[in-house]
Amino acid sequence: MPLSLRLSIADTLTLGNATCGFMAVYFTTTGILIPHLQGSQETGMARHSAATAVILMLCAAVFDLFDGLVARKLRSSPMGAELDNLSDLISFGLAPAYFVLVYGMVADDAHQRVAAVGAIVVLLAVVLRLARFSCVTVKDGTFQGMPSPFGALTVVSIVLLELPFVATLLAIIGTAWLMVSRVEYPKPRGRLAVAMLSWIVLSMGLLAAWAFDAPSGQLLLQTGCALQLVMGAVIPLFATARRVNNFRDNRREARAAGHPAAVTLPA
């Protein structure tokens, strides 16, 4: 095959990402939506399917983490960047947006059309974020805006918390805004990558405990979802504090150098 059409190991991991995203949509449809439309009152199957769908999104995040690491260590094909964006769109755009849409159809206090708007906002936020990532250069070691895997997991955590509908919708829209914002997020490398992987494995365990109705499984799941939301809120605060500190340092340096001209905030 031509070199431009050969798949590398990293590309294979990327395709695993896309497969997990598609299967998450499949389990959300067959295990939650279809039984609801058929009038099924079985909540256990819906719980198992919801947990399976979210675990698959977590697996997609693992594939997304490792395909970048493998590509840096070995190599990626000329299609690598395009495959990565397309796979991320499925796993972290379509899958969580569809999860929100189905939530709007099955939850007792939800409004289907309003939830559909929230799902569209999530999907478009990921589309815009991935498009910007392809054409905007940022400083090494950072992302501009909440990374789409982190955003997708935050969105499904909001749904699983079972907050009132209005609070759920506002939190989802806030997460979508963070994905297209200019807030800086660190790239998962080194210890941060290990911490992220450990958090994903822990989240899978919490979902499994909830799915099999383990003692305190509901409480454990809600605690994990709440921690995901806290991390999504705290990281931007740290980034903002760093920008403010940099601004103050620049002003002090300018005054010390005898240039009291206004200093703009860094992008």
Side-chain angles (χ1 to χ4, degrees), residues 20-21 24-25 27-28 31-33 43-62 64-65 91-110 115 118-119 121-123 125-126 146-179 185 188 192 195-238:
C20 288
V25 173
F27 278 100
T28 304
I32 303 175
L33 180 59
T43 59
M45 183 173 65
R47 187 187 303 115
H48 280 80
S49 297
T52 302
V54 179
I55 287 174
L56 284 165
M57 293 185 216
L58 289 166
C59 290
V62 173
D64 186 61
L65 176 65
S91 299
F92 311 125
L94 175 62
Y98 186 71
F99 198 81
V100 172
L101 179 65
V102 172
Y103 153 76
M105 300 177 69
V106 303
D108 294 334
D109 65 336
V121 169
V122 171
L123 179 63
V126 175
M146 179 183 285
S148 52
F150 194 89
L153 299 180
T154 303
V155 166
V156 296
S157 295
I158 293 168
V159 174
L160 292 175
L161 270 176
E162 299 182 353
L163 300 171
F165 176 72
V166 174
T168 298
L169 185 65
L170 291 176
I172 288 172
I173 293 175
T175 303
W177 176 82
L178 281 174
M179 283 194 279
Y185 285 77
L192 186 58
M196 181 178 176
L197 183 60
S198 301
W199 173 248
I200 290 174
V201 173
L202 175 61
S203 299
M204 289 180 179
L206 296 177
L207 284 162
W210 173 67
F212 290 100
D213 203 17
S216 302
Q218 180 73 22
L219 178 61
L220 290 172
L221 177 69
Q222 291 182 339
T223 301
C225 292
L227 287 174
Q228 177 72 29
L229 267 66
V230 168
M231 288 190 295
V234 166
I235 292 176
L237 292 178
F238 277 115

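Both backbone and side-chain heavy atoms feed into the values below; hydrogens, waters and symmetry mates do not.
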Would you compute the distance between atom CG of L161 and atom OG1 of T223 and round it to the nearest 0.5 angstrom? 9.0 Å

Roughly how far apart are C20 SG and I55 CD1, rounded to 0.5 Å? 11.0 Å

Nearest 0.5 Å please: distance from the CG atom of L101 over to the CG atom of L33. 8.0 Å

Considering all heavy atoms of both residues, which atom of T168 and which atom of L163 are nearest to each other, and what is their separation? OG1-O, 3.3 Å

Cut-off 3.5 Å, no hydrogens considered: what does the side-chain donor-acceptor table look like for residues 204-212, sequence neighbours left out?
| unit_1 | atom_1 | unit_2 | atom_2 | d |
| --- | --- | --- | --- | --- |
| W210 | NE1 | Q218 | OE1 | 2.7 |

When every non-hydrogen atom of A176 is compared with those of V121, the smallest separation belongs to CB-CG1, 3.6 Å

So which of V25, V54, V155 actually passes side-chain contact (heavy atoms from CB on, under 4.5 Å) with F99? V54

Smallest heavy-atom separation, L169 atom then G118 atom, equals CD1-CA, 3.9 Å

Calculate, to the nearest 0.5 Å, the distance between atoms CZ and CG belonging to F165 and L170 respectively. 9.5 Å

May I have the list of side-chain donor-acceptor pairs in residues 146-154 shorter than 3.5 Å, sequence neighbours left out?
| unit_1 | atom_1 | unit_2 | atom_2 | d |
| --- | --- | --- | --- | --- |
| T154 | OG1 | F150 | O | 2.7 |
| T154 | OG1 | Q228 | NE2 | 3.1 |

Are side-chain heavy atoms of T175 and V122 found at a separation under 4.5 Å? no

What closest approach, in Å, do A24 and A95 show between heavy atoms, and which atom pair accounts for it? CB-CB, 4.2 Å

Give, for atom CG of L221 and atom OG of S203, the distance between the pair rounded to the nearest 0.5 Å. 9.0 Å

For L123 versus G93, what's the shortest heavy-atom pair and its separation? CD1-C, 3.7 Å

Kindly state each residue pair satisfying side chain to side chain donor-acceptor pair (under 3.5 Å) with at least one member in residues 92-109, sequence neighbours excluded. T29-Y98

If you measure from CE on M57 to OG1 on T52, what distance do you get to the nearest 0.5 Å? 11.0 Å

Where do A115 and G104 come nearest, in terms of heavy atoms and distance? CB-CA, 3.4 Å

